[in-house]
There are 2 protein chains.
Amino acid sequence: MPINIFTDYPLSWRPDRSRLKRPYYQSLVEQMKGAIESGHLLPDTKLPPQRELADFLDIGFATVTRAYKLSQQRGLTYGVVGRGTYVAKNLKFMQTISRNNAHNIRELGFNASFEANNYLIRSTVEEVSSQTNLVELLNYDEPIGLAKHRLIASRYMDQIGMTMNKENTMIVSGGQNALSIILLSLFNSGDKIAVDKFTYANFIELARLRGIELIPINDDSEGMSAVDLEQQCRLKNIKGIYLMPDYGNPTTITISEQRRQLLAQLIQRYKLILIEDDYLNFLNLYRQTPLTKMSNLVPEQSIYVCSMSKSLISGLRVGFIRTANQFRHSIENAIFNVNVKTSALDAAIVTRALQNGVASKIMQQKLNAVTKVNAIFDQIFDNQPTVNDYHFFRAVPVNSQFSGNQIEQTLLQNGIRVFHSDKFLVGSADRTAFLRVSLTSLDNGDELADTLIDLKAILIQNQFLI
Amino acid sequence: MPINIFTDYPLSWRPDRSRLKRPYYQSLVEQMKGAIESGHLLPDTKLPPQRELADFLDIGFATVTRAYKLSQQRGLTYGVVGRGTYVAKNLKFMQTISRNNAHNIRELGFNASFEANNYLIRSTVEEVSSQTNLVELLNYDEPIGLAKHRLIASRYMDQIGMTMNKENTMIVSGGQNALSIILLSLFNSGDKIAVDKFTYANFIELARLRGIELIPINDDSEGMSAVDLEQQCRLKNIKGIYLMPDYGNPTTITISEQRRQLLAQLIQRYKLILIEDDYLNFLNLYRQTPLTKMSNLVPEQSIYVCSMSKSLISGLRVGFIRTANQFRHSIENAIFNVNVKTSALDAAIVTRALQNGVASKIMQQKLNAVTKVNAIFDQIFDNQPTVNDYHFFRAVPVNSQFSGNQIEQTLLQNGIRVFHSDKFLVGSADRTAFLRVSLTSLDNGDELADTLIDLKAILIQNQFLI
DNA sequence: TAATTTGTTCGTAGACATTTC
DNA sequence: GGAAATGTCTACGAACAAATT
């Protein structure tokens with residue numbers, strides 16, 4: 001018999017005691033899910049403290065812990081020690097960012113890659129398809145890629161400054177595919193991976209699917225904070241770290257050389273598995289002083305992911321990876337289990353393009369395009385012109401009083417799609433808020449300029465800008 | 001202070017008490033892993049009962065439960081209620097079956113698909129690559145496949161007898177890729193899926209990677225036992241079921257029409273998610289009376305997987321799926337998260353081949369080849385000739401006294417690679433044992449015949465045969 | 001068939017760390 | 001800067017279910 005009567009006690013959520021069936025913790029999550037889906041529990045609502053809810057329901061408090069933990073794994077809530085447990089923000093189950101093809105919407109959300117140059121690859125496709133050895137591309141052999149393709153892949157990685165683990169070069173079906181493979185093979189459900197507080201949304205979703213817990217780390221203008229990372233490592237038994245050291249998505253931050261050294265030391269000290277996502281790798285061919293690849297600093301603990309989607313052709317789904325020796329077998333195994341193999345035809349086209357000069361041409365054109373769109377952006381948003389720096393998207397700070405959804409919806413009603421930083425947020429709310437404005441989807445410079453001007457006007461008009 | 005002295009007590013494994021650090025359960029698994037890897041604990045060794053080990057270590061028995069459970073998730077052990085916990089059989093971490101390319105080995109292990117006919121696709125590749133609309137294949141659009149490709153895919157599935165869920169047709173990067181996507185999106189770590197006691201090895205490995213528990217169900221000559229399935233469902237909160245209804249791998253069993261009905265009823269009653277793997281789908285074009293697709297019997301609960309690897313070209317990595325409405329969104333999301341998209345170029349080639357007659361030609365040739373190799377097998381192994389039935393591999397019963405490894409190694413020393421049924425075994429050991437003899441990798445009929453004759457001789461010589 | 005052995009599930013409490021006030 | 005609030009991790013015992021004898 002409960003001793004306390006909570007009938008009037010102000011709990012933000014009062015599960016129905018009578019509907020509580022064994023197992024309690026599952027039943028509790030069911031009720032919570034219902035309350036969230038029906039709108040009774042709104043995003044960011046603070047749930048009752050575990051001990052209070054336990055008293056109210058007359059069950060052990062660790063049972064509530066368990067329910068809250070499960071709800072967190074399902075993406076329904078997030079908890080902060082000392083503060084409380086809250087209903088998750090956006091996560092309406094499908095957080096993934098993909099292109100919106102509605103025709104009346106101007107797309108500044110999806111981050112594409114200047115697809116107008118894609119036609120340049122045609123000659124290479126024809127070259128490969130008329131080759132005599134087409135047949136060797138069409139069987140089950142060589143799950144990690146043909147030796148000759150891997151050699152070319154490896155040379156490309158050398159060029160962009162990745163010097164280690166050459167012998168462990170493999171071909172996968174794009175960068176996102178590489179991340180799936182890595183998360184499946186090197187991590188277990190419940191493992192923890194450190195990430196930037198604002199992280200690539202598709203990685204967040206993939207981690208959620210995999211049941212991996214992401215630990216958000218704060219950052220500053222030089223990138224992820226080494227101090228915060230160290231603190232979390234001491235505390236939390238973190239197994240891996242996911243980084244986009246160059247042109248971080250969505251922050252646009254490139255980690256400084258000094259910070260790379262600090263982070264690398266921590267990665268070694270705490271034996272983290274480093275996942276280095278170098279999704280804009282081709283830009284290293286043009287930077288005057290490319291920064292050190294993190295993977296070169298911790299070659300025994302890293303997997304380096306080199307997608308060709310942004311650098312060359314997004315539709316062919318080819319990426320390269322280099323893994324530390326210790327991961328080689330597991331990764332090979334997972335490649336076979338997820339893909340069987342990557343289409344060797346696609347790999348042949350990509351590697352041929354890297355050899356016959358077509359890739360260079362496409363990359364150069366992308367570079368020109370990216371330079372141009374950044375100039376447009378800088379002009380409209382009154383920034384200092386960026387020099388020797390090539391962002392595919394930019395971050396526009398906005399007032400954090402407004403919810404991400406509110407801003408996105410307002411803009412959408414005005415025919416513009418952008419993503420608010422909330423979409424990339426790991427864990428609890430943050431004081432800083434910004435819009436990620438993609439410069440890559442509108443291939444026509446004039447249309448981009450018009451759209452950016454409209455964007456700015458709407459932001460000012462609604463007092464979203466700060 | 002422990003009261004009992006176990007110094008002489010016969011425990012099959014005596015973890016070092018002094019090395020036991022907190023958290024105990026993890027530390028225990030570490031020690032176990034070490035003992036297994038160093039060979040101190042051999043496969044199938046019975047571990048001490050949880051309560052005994054707990055007494056020995058002077059810790060709570062539920063802590064041992066937890067350690068055993070974790071070790072099971074890692075694939076190190078398996079437990080049977082009432083019997084005990086055992087060190088896992090083969091699982092030397094990489095169970096996956098892929099082709100062995102050593103040149104002195106005759107391959108009867110890997111299950112390929114008569115690759116000699118692959119050259120026929122060349123004209124189609126050239127046709128597609130010289131098309132004018134190549135560019136539309138090369139961008140980020142349409143993660144689940146271009147509408148026109150999906151239409152052709154859908155028509156093909158109609159032809160092979162899959163009539164439901166037409167509107168939910170999607171393109172993925174092959175059958176194995178489909179399985180990854182399904183396991184990632186519709187299941188969580190710790191969920192249970194019912195499978196045949198002998199199941200496709202790559203599915204076992206994928207489930208292990210994903211942290212899904214497979215529940216083995218017994219079968220008979222008509223396929224999976226409905227009685228056993230029902231019993232396990234009553235007991236175990238099973239969430240899904242994985243079936244290869246036609247030409248089950250490795251059993252070669254095709255589920256009878258009647259059994260399909262029974263299983264479908266159970267799938268409905270227990271609300272299971274059906275994963276139907278129709279990996280030899282093209283054979284339905286030639287069977288006189290194709291059996292009902294299970295997915296048609298439970299269209300609201302199924303995902304139907306139609307790989308084109310075996311049916312057409314293994315190297316292009318294209319497969320089709322049809323999902324129940326309720327799974328559509330989750331699957332779409334996972335497709336994007338695992339693949340971003342399937343190479344539309346590959347999809348274009350495959351769908352074009354389905355239209356221009358090349359696919360028919362390849363399939364007909366595969367049919368001829370498969371008929372021929374089955375006749376060779378029947379003759380050498382003195383079977384009744386199989387009529388109107390087209391196995392890519394055959395099951396040869398062997399004496400279960402010998403370990404799978406022993407038989408495989410003996411054959412390998414004689415230059416022949418085959419797989420023992422142990423490789424496909426889910427959970428505990430079984431009385432029945434057989435070799436899966438693949439008929440697909442040796443394209444030359446004479447070489448196959450010679451190899452089968454040698455195989456038979458070696459089996460007899462070593463008294464492996466029964 | 002009943003008793004025993006053994007693994008599994010679940011609820012619970014203690015110890016601890018962080019955040020807030 | 002200390003106390004209170006709060007979430008997290010881990011160990012454990014009771015109840016249960018299956019297999020064996």
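Just so we're on the same page: letters track the sequence lines, and every chain starts at 1. What you are looking at is a predicted structure, and each value in this text was computed from that prediction instead of being measured.
Applying the ring-ring contact (aromatic ring centres under 6.0 Å, His included) test between A:Phe434 and each of A:Phe402, A:Phe198, A:Phe424 identifies A:Phe198 as the sole match. In summary, of the residues considered (B:Val29, B:Leu53, B:Leu28, B:Thr77), a side-chain contact (heavy atoms from CB on, under 4.5 Å) with B:Tyr68 occurs for B:Leu53 alone.
At whole-Å resolution of the value, CD1 in B:Ile215 and C1' in C:dG7 are 13 Å apart. A:Leu57 places its CG atom 11 Å from the P atom of C:dT12, with the value rounded to the nearest Å. In this structure, the CG atom of A:Leu70 is 14 Å from the P atom of C:dT9, given to the nearest Å. Look at CG on A:Leu47: it is 12 Å from P on D:dT8, rounded to the nearest Å. The OH-C1' distance, from A:Tyr68 to D:dA5, rounds to 14 Å in whole Å. Spacing between atom CD1 of A:Ile238 and atom P of C:dA17 amounts to 16 Å, rounded to whole angstrom units. In this structure, B:Arg66 places its CZ atom 18 Å from P of C:dG7, rounding to the nearest Å. As a whole-Å value, the separation of B:Lys46 NZ from D:dT20 P is 11 Å.
The residue A:Lys21 sits apart from the nucleic acid: no heavy atom pair falls under 4.0 Å. Contacts of B:Gln72 with the nucleic acid, taken as non-hydrogen atoms under 4.0 Å apart, involve only primed sugar atoms and P, OP1 or OP2.
Set against C:dG7, C:dT6, C:dC10, the side chain of A:Gln26 has C:dC10 as its closest nucleotide.
Mapping B:Pro48 and A:Tyr24 onto DNA chain C via the closest heavy atom, the residue that lands nearer the 5' end is B:Pro48. Of the residues near DNA chain D, A:Gly84 and B:Tyr25, the one whose nearest nucleotide (by heavy atom distance) lies more toward the 5' end is A:Gly84.
Using a cut-off of 4.0 Å between Lys/Arg side-chain N and Asp/Glu carboxylate O, A:Lys33 and A:Glu30 are scored as not salt-bridged. For A:Arg259 and A:Asp220, the salt-bridge test passes: some basic side-chain N is under 4.0 Å from an acidic carboxylate O.
By the 4.5 Å heavy-atom criterion applied to side chains, B:Ile182 and B:Phe187 are counted as neighbours. A:Asp196 is not listed as a side-chain neighbour of A:Thr251, based on a closest heavy-atom distance of 4.5 Å or more.
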Below 3.5 Å is the cut-off: list the nitrogen or oxygen pairs between protein and nucleotides 13-18 of chain D, distance only.
none

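The nearest pair of heavy atoms linking B:Leu183 to B:Arg210 is O-NE, 3.0 Å.
Taking only side-chain nitrogens and oxygens, B:Thr65 never comes nearer than 4.0 Å to OP1 or OP2 of C:dG7. Taking only side-chain nitrogens and oxygens, B:Arg83 comes nearer than 4.0 Å to OP1 or OP2 of D:dT20.
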